[in-house]
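Please read the structure below before turning to the comments.
All residue numbers refer to positions in the sequence shown, counting from 1.
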Amino acid sequence: MSFKKKDNQNYYNPMRRAILNHRMIEPGDKVAVGMSGGKDSTSLFYLLEKIRSQGRLGFDFELVPISLDMGFEGCDISPMQQFVEELGYQLEVVPTNIAKVVFDIRQERSPCSLCAKLRRGILYNRAKELGCQKVALGHHLDDAIETYFMNFLFHGRLNSFEPKSYLTKTGVTLIRPLIYIEEKQVIRFVKREEIPVVFNPCPVDKKTKREEIKRLVTTLSADYGDIREKFIMGMEQGTNQDFWSKSLDESPLSQKKFL
């Protein structure tokens with residue numbers, strides 16, 4: 001793996017800032033990294049390992065790479081396993097029947113929500129069994145913006161996922177260290193370093209509502225080039241006072257319908 005002059009600016013400094021700003025990782029933490037074989041999670045694992053081995057946080061922590069076998073036929077994760085081993089780790093592979101449950105048993109018309117719920121439940125439980133306090137996922141800045149627009153357009157909510165969330169059911173903390181990094185930077189990094197990307201055999205891959213929102217964000221960013229920076233500012237500086245609040249004691253006048 002090579003090191004370029006702008007790698008600190010594009011990758012390591014934003015990750016370090018996100019981790020420290022939101023106290024994602026603390027001294028001695030054992031951090032599980034959820035690895036799907038895609039570009040984001042594989043890049044996350046590599047960058048976290050370099051941050052750890054180079055002491056960029058000023059303290060040490062452990063990494064535990066975990067991947068779920070979804071049960072899809074023809075999915076070859078050996079390139080990911082080899083990549084992880086070359087970095088000095090052993091990939092923890094958890095067998096599941098998620099594909100069968102989602103597509104054969106439940107036959108979900110909109111399978112993404114159920115699939116994500118099942119995947120995360122298994123991942124979090126396995127991480128806890130392995131003694132991990134934190135679980136790192138490969139969501140980047142574009143994922144956060146897309147989630148914001150999905151919540152707004154489809155559910156009428158003005159929010160996105162948090163950089164760090166404590167999960168009461170499992171007692172582990174979910175973290176997203178790539179939260180300040182744009183997807184295009186991840187794509188460039190994967191191509192430059194020839195990081196292996198495992199083929200995704202999911203039948204609805206690239207056919208979801210998120211793909212529609214991704215195109216929307218791309219269109220907006222063409223006209224408003226700093227949309228991603230402004231999104232971070234809005235999410236980190238906004239308060240409850242920036243939103244409308246309904247009175248709990250509604251008067252008869254407020255309940256009257258005006259035609």
Side-chain angles (χ1 to χ4, degrees), residues 10 14 33-45 67-77 79-80 96 98-104 106-121 123 136-163 165 174 176-192 195-232 234-235:
N10 293 332
V33 182
M35 300 188 65
S36 65
K39 68 183 191 314
D40 304 324
S41 59
T42 308
S43 297
L44 170 65
F45 177 70
S67 180
L68 305 186
D69 180 349
M70 301 285 290
F72 288 115
E73 293 184 6
C75 183
D76 179 17
I77 66 169
M80 176 172 56
T96 78
I98 292 177
K100 181 178 181 180
V101 170
V102 173
F103 293 103
D104 296 337
R106 294 282 295 269
Q107 298 184 0
E108 293 283 320
R109 293 182 60 185
S110 301
C112 297
S113 178
L114 175 61
C115 182
K117 183 177 180 180
L118 294 173
R119 283 188 288 112
R120 292 183 183 181
L123 174 62
L137 298 182
H139 296 130
H140 45 62
L141 178 54
D142 287 72
D143 288 323
I145 298 175
E146 290 158 14
T147 298
Y148 178 89
F149 278 109
M150 289 181 72
N151 284 335
F152 171 49
L153 294 175
F154 302 136
H155 306 291
R157 299 198 306 266
L158 297 176
N159 68 324
S160 184
F161 51 66
E162 295 286 339
S165 303
L174 174 62
R176 296 177 168 98
L178 296 180
I179 196 72
Y180 290 164
I181 298 179
E182 298 179 30
E183 183 177 28
K184 66 181 181 182
Q185 297 288 10
V186 177
I187 294 172
R188 289 172 184 167
F189 185 76
V190 167
K191 289 182 178 179
R192 191 192 84 192
I195 290 177
V197 176
V198 174
F199 169 71
N200 184 358
C202 176
V204 297
D205 185 40
K206 308 299 182 184
K207 302 175 183 177
T208 63
K209 289 294 184 182
R210 182 171 289 273
E211 291 300 314
E212 295 179 17
I213 300 301
K214 186 184 291 289
R215 291 193 290 272
L216 171 63
V217 173
T218 299
T219 300
L220 288 172
S221 63
D223 294 327
Y224 306 96
D226 61 349
I227 185 175
R228 293 170 176 83
E229 292 80 0
K230 293 293 177 59
F231 176 80
I232 295 175
M235 294 301 289

(Q) If the condition is side chain to side chain contact (heavy atoms under 4.5 Å, CB included), which residues does V101 pass it with, not counting sequence neighbours? (A) N97, I105, R106, L118

**Q.** Check: M35 and L44 side chains under 4.5 Å, non-hydrogen atoms
**A.** no

Q.
Restricting to side chain to side chain contact (heavy atoms under 4.5 Å, CB included), what partner residues turn up for R215, sequence neighbours left out?
A. E211, E212

Q. Is it true that a side-chain atom of S165 and a backbone atom of L174 form a donor plus acceptor pair closer than 3.5 Å?
A. no

Q.
Rounded to the nearest 0.5 Å, what separates atom NZ in K209 from atom CE in M150?
A. 9.0 Å

Q. Who are the ring pair (Phe, Tyr, Trp, His ring centres under 6.0 Å) partners of Y148, not counting sequence neighbours?
A. F231

Q) Of the non-hydrogen atoms in T147 and S160, which two are nearest, and what is the gap between them? A) CB-OG, 3.6 Å

Q. With a 4.5 Å limit on heavy-atom distance, are the side chains of K39 and I195 in contact?
A. no

Q: Could you tell me whether Y224 atom OH has more than 12 heavy atoms of other residues or ligands within 6.0 Å of it?
A: no

Q: Return the set of residues passing side chain to side chain donor-acceptor pair (under 3.5 Å) with S36 (not counting sequence neighbours), or none when no residue passes.
A: S41

Q. Does the side chain of L216 come within less than 4.5 Å of L153's, by heavy atoms?
A. yes

**Q.** Approximate separation, where rounding is to 0.5 Å, of S43 OG and E183 CD
**A.** 10.5 Å

Q: Check whether any side-chain heavy atom of C115 lies under 4.5 Å from a side-chain heavy atom of I98, and answer yes or no.
A: yes

(Q) Determine whether E146 and D143 satisfy the following criterion, side chain to side chain contact (heavy atoms under 4.5 Å, CB included), listing intermediate values before the conclusion. (A) CA-CA 5 Å; E146 290 158 14; D143 288 323; 3.8 Å; yes

Q) OG1/T218 to CD1/I213 distance, rounded to the nearest 0.5 angstrom? A) 11.0 Å

Q.
For a side chain to side chain contact (heavy atoms under 4.5 Å, CB included) check, start with the C-alpha distance between L178 and H139, then their side-chain angles and the critical distance, and finish with the verdict.
A. CA-CA 6 Å; L178 296 180; H139 296 130; over 6 Å; no

Q) Do N151 side-chain atoms and N159 backbone N/O form a donor-acceptor pair below 3.5 Å? A) yes

**Q.** Spacing of S221 atom OG and D142 atom CG [to the nearest 0.5 Å]
**A.** 8.0 Å

Q: Quick one: pull up CG in L158 and CE in M235 and give me the separation to the nearest 0.5 Å.
A: 9.5 Å

(Q) Using the rule given for side chain to side chain contact (heavy atoms under 4.5 Å, CB included), can you reason through M80 versus S67, listing the C-alpha separation, both sets of side-chain angles and the distance that settles it, and then say yes or no? (A) CA-CA 9 Å; M80 176 172 56; S67 180; 3.4 Å; yes

Q | Partners meeting ring pair (Phe, Tyr, Trp, His ring centres under 6.0 Å) with H140 (sequence neighbours left out) | A | none

Q.
Return the CZ to CG distance between R188 and N10, rounded to the nearest 0.5 Å.
A. 7.5 Å

Q.
Suppose we screen for ring pair (Phe, Tyr, Trp, His ring centres under 6.0 Å). Which residues come up paired with F45, at least two apart in sequence or across chains?
A. Y89

Q. Looking only at heavy atoms, what is the nearest atom pair of T96 and M70, with distance?
A. OG1-CA, 3.5 Å

Q.
Apply side chain to side chain contact (heavy atoms under 4.5 Å, CB included) to residues L123 and L137 and explain how you reach the verdict.
A. CA-CA 10 Å; L123 174 62; L137 298 182; 3.8 Å; yes

